[in-house]
Amino acid sequence: MELADGILLDLLQNWPDRWSHPALVSELAAGRPLSVTLGADALDELAEEVLDGLLVPRSAATAARHLLAEGRFDLVDLMLDGGRLPLEDARQLKDDLADARLGAAGRATRALHLLARRAEQLELAHSWHEQDGTVRDLVELATTDESAFTELLAGWEDAATAAEDARGEALRAGLDRSRKDGEPPDRAARKLLEECLTAGEFRLARVLVHSDRAQSPDAAGPSGLARRPSPVRLRRYALADVLEWYRYGELGAAELHGWLPPEEDTAGRRLMDAFAELVLAGADVPPDPAPVRELVEALHECVGTAEPLVECEPLAGGVVSRLYCTGDHRLPPLGFFRTGIPLWVAPSTTEPPESVTSAPFVWLVPEWAGETPPAEGCGSLYADDLLRLAAPEPGGSVVPAAERQLALLRAVGPGLGVSGLLDAGRAGDGRGLELAGRGKAALQLSWFFDLLGLQPDSVTAEAVLYETGGHPLALRELLLTLCDRPEPRASGRDLRARLEAVREDTDWRRRAARRIQDRLPDVSVGLALHTALWLRSGGGRGEFDVGEFDVEELTDVLADLAGSDGVPPLVDLAAGVEPLVSHGIMERREGTLTLVANGLPELLARGSGRQSEEMVAGLLRQAREQADAVLAQVVVSLSQITVDTVDHYNTNLQRRLSEIATRIAEEEDRERRMTLNEEYLLLFDQLRQVGSLTRTAQEPPRPVPLGELIVRQSREAHLGSGGRDRYEITGADHLWVTANPWLLGQIFWNLFDNARKAIDATAAKHGFVDVTVTPFTDAEDRPWCAITVADSGDGIAQGVASRLNQGECLTTRNGSGQGVRIARTLTELYKGRLRVLPEPSPELSGAQIRIELPLTTVSTED
């Protein structure tokens, strides 16, 4: 090595601009001397690059973006650590790297998922990638060096394609062998098999090879039902002549034979008669409602819709009606199956009124002329479409109603478009496709594509489902972008290429993410979601994680992100997780949680437009603002509750003192008067000043032994009844609740007071009150208790329980009507629930009230 080369190597080790040359980064990444890493022959190239850098200056940030585009995330990490980038460039590059890593992880997971689905279609035990590592390892590789992962993926794709080609040849050979007596398979069976192979539906293809076509599964999807043959080109004939022939069979055109509905096909005959009457009435005049009604009823009969009453309203040169289709279990659940879709019957030269065009609609053109109506979201029905509905099967048999319904939907579907099929009669209000079940979702989605006039393969359908997780709102946004004016009858390969083009589009992702997050109930749900997404993205560690977690882990991570300000008191991640599970964003597996294994988490993370940490910070601010507002309201409400409770307490005591004083004045027996006087003095001692009671009521909550509190209140109630009422309390021992003891006691004071009045109304010598406490755990395994208070009083009248549960104040037995209301308010103050049961107590025959309160765990040391 010459001295000049050695000097050059020494300079490169500490050269401040070394990171601005992408070709040097890989070699310097190992940290070894260049003389070891590179041969002597490469030194000239290095010198040239240094000179090139002097002539064409490049920043390190520019070099980093080249590496980022190539998927060399590990080298970008290295540049962030030691590249001496300007602060603003480093910050932006770090955000871009996080986005790129998340995108690479999503693309890798999606590709591995599709490989697994292809292996499943071929009924293979393992997918091709499984011999090279676990999903976690391969995703980690993609987030480190995406180019290396892409190279591996290309090999697996080749292996999958080879396996599918081999299986296709085997199935074709099997179809040839399945014919009896060596007869060649008929053209329809061969065509159907090729459709299945093209779509990647190898399971369905195997069923077709080993059975007659009539035995195809009901849920086979578009490939399982052949399209109805097109009628002859009727433009060669006058429509009036064709309809006359349909009605009387007197046209001698040979090519029209075979299209006449048989006599026993009453639905087909009725449709053609009704259509003929409408057309023969004249094309230049507005249609009359009567023939339109007959035509719509005939259409409903053809497609099997049981809709006896058809509304037809003449409007602006046409007639407005409504078209209904029956729900078919093989078809995707579309809105107008339930609500119908507006039907506009008018010549193509008559503009429909705004009341019709404000929502997707079907335009039935009764004359044979004109182009497709240009209205957006309009499905057109022309004469040839109606003739296709009436046409018999090739063998001359009657067409089933289901086949006619599919022909009708296929006729109007391309014109209605995605939003029209989804929204039906409610423009902009469609929620997407509600696809049922993982196994059936791809078939229903393939039907949806088919109604649009598209022919996707199974890989495309699975890719769309993976990308959106099958969530109806996400599906809607992707389908609107994917099917925005595609080529008619686009092949599966064309549609897959278009999907690849729009897959990384951020607009539909942001729309979908915004719509999904707008449907989430509250800030706790949003915090649970974005905390989980933060964990999934590595929680700032730069490691993509697809592992599991629990609510406690989410809470700890949220506390770390909240910092010194802490988590707002109203945030409950345990409650926030449940809506995410019900929305299909999270899954629960054996007590642990995980984000769903599809593209929905990536959509929500990338569609928000901000890093999950920023989203969490924003939601925490929102939660703190809400907590402050609620706390202020609680202070006001608690003050009012305290005043109401104290006032109610004293008012009831004063009423009872007044009653005793009256009885003392009227009592002649000296001993009885003395007993009443003692009772009066005992109650008078319980009467306290409002200020003193208020201070007691405003003491902070603390753990309270539930059993002792109920027993204490029952003793006071027993004395208040003059010893006549008996109280039985079971199950309350060793249970604790967190509350203000006096306020919690007022719940039972009010209920026992109501029970005493109800018992007095029966004139029984003794009354009975049973209090039963039953511990239980809620859906999150948190401890609660149910307290049932039942009495032997005269019960409650029918309908009163419902009114009390709705918050009404009902004055009964000379009371204030506030007792149950105050008891419910205090119960809700401690996060509990109170409900008046409508049925009487089976043991005591009186009223029953059920209270549910959360329990507190208290250690023996406390």
Side-chain angles (χ1 to χ4, degrees), residues 228-231 234 239-249 251 256 259-283 285-315 318-328 336-337 339-348 356 361-368 379-393 396-413 415:
R228 306 220 41 238
S230 299
L234 296 179
L239 179 59
D241 294 339
V242 174
L243 292 175
E244 283 292 325
W245 172 73
Y246 261 83
R247 298 180 73 182
Y248 307 115
L251 186 67
L256 290 176
W259 287 96
L260 187 65
E263 292 294 335
E264 62 272 21
D265 185 1
T266 55
R269 290 278 180 172
R270 181 186 180 190
L271 176 64
M272 297 320 304
D273 287 345
F275 185 56
E277 183 177 353
L278 184 65
V279 170
L280 297 177
V285 297
D288 188 75
V292 171
R293 181 179 291 106
E294 175 63 24
L295 177 60
V296 176
E297 289 179 350
L299 264 176
H300 284 160
E301 183 180 348
C302 271
V303 300
T305 301
E307 189 66 27
L309 181 63
V310 174
E311 295 293 335
C312 292
E313 177 188 359
L315 188 66
V319 175
V320 177
S321 183
R322 204 161 189 87
L323 181 62
Y324 292 87
C325 287
T326 56
D328 191 302
F336 63 81
F337 287 158
T339 62
I341 187 168
L343 179 67
W344 169 247
V345 184
S348 61
V356 175
F361 70 103
V362 174
W363 191 337
L364 193 155
V365 182
E367 89 284 6
W368 182 266
S380 307
L381 278 176
Y382 280 99
D384 54 349
D385 300 311
L386 296 176
L387 295 179
R388 181 181 290 109
L389 290 176
E393 288 286 351
S397 59
V398 177
V399 182
E403 299 250 354
R404 279 177 164 151
Q405 176 174 316
L406 294 179
L408 175 63
L409 292 173
R410 280 167 165 162
V412 301

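All values derive from a computational prediction rather than experimental measurement. Residue indices begin at 1 and follow the sequence shown.
- In plain terms, the two heavy atoms of A390 and P261 that are nearest each other are O-CG, 3.3 Å.
- Looking at L278 and P287, their side chains come closer than 4.5 Å, going by heavy atoms from C-beta outward.
- Here the shortest heavy-atom pairing between L386 and L271 reads O-CD2, 3.8 Å.
- Residues satisfying the side chain to side chain donor-acceptor pair (under 3.5 Å) criterion with D273, sequence neighbours excluded, are absent altogether.
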(request) Could you give me the CA-CA distance, side-chain angles and deciding distance for V320 and V345, then say whether side-chain contact (heavy atoms from CB on, under 4.5 Å) is met? (result) CA-CA 6 Å; V320 177; V345 184; over 6 Å; no

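- In terms of heavy atoms, C325 sits closest to L408 at SG-CD2, 4.1 Å.
- With rounding to the nearest 0.5 Å, the separation of CG in D288 from SG in C312 is 10.0 Å.
- Under the rule for a side chain to side chain donor-acceptor pair (under 3.5 Å), T266 has no partner lying at least two apart in sequence or in another chain.
- When each of V412, L299, L364, T305 is checked for a side-chain contact (heavy atoms from CB on, under 4.5 Å) with L323, only L299 meets the rule.
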(request) Give the intermediate values and the outcome of side-chain contact (heavy atoms from CB on, under 4.5 Å) for residues L387 and M272. (result) CA-CA 8 Å; L387 295 179; M272 297 320 304; 3.1 Å; yes

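- Proximity of a side-chain donor or acceptor of W363 to a complementary backbone N or O of S348 within less than 3.5 Å is not detected.
- Not one N or O on the side chain of E264 forms a donor-acceptor pair closer than 3.5 Å with the backbone of V398.
- Summarising the geometry, atom CZ belonging to R269 is positioned 13.5 Å from atom CD belonging to E301; distances are rounded to the nearest 0.5 Å.
- Distance CD/Q405 to CZ/R410: 11.5 Å, rounded to 0.5 Å.
- The shortest non-hydrogen separation linking R404 to G268 is NH2-CA, 3.7 Å.
- In plain terms, the two heavy atoms of R322 and G340 that are nearest each other are NH2-O, 3.3 Å.
- In this view, R293 satisfies the salt bridge (charged side-chain N to carboxylate O under 4.0 Å, His left out) rule with no residue, not counting sequence neighbours.
- With contacts defined as side-chain heavy-atom distances shorter than 4.5 Å, the pair S321/E311 does not qualify.
- Minimum interatomic distance between P366 and V279 (heavy atoms only, all atoms of both residues): O-CG2, 2.6 Å.
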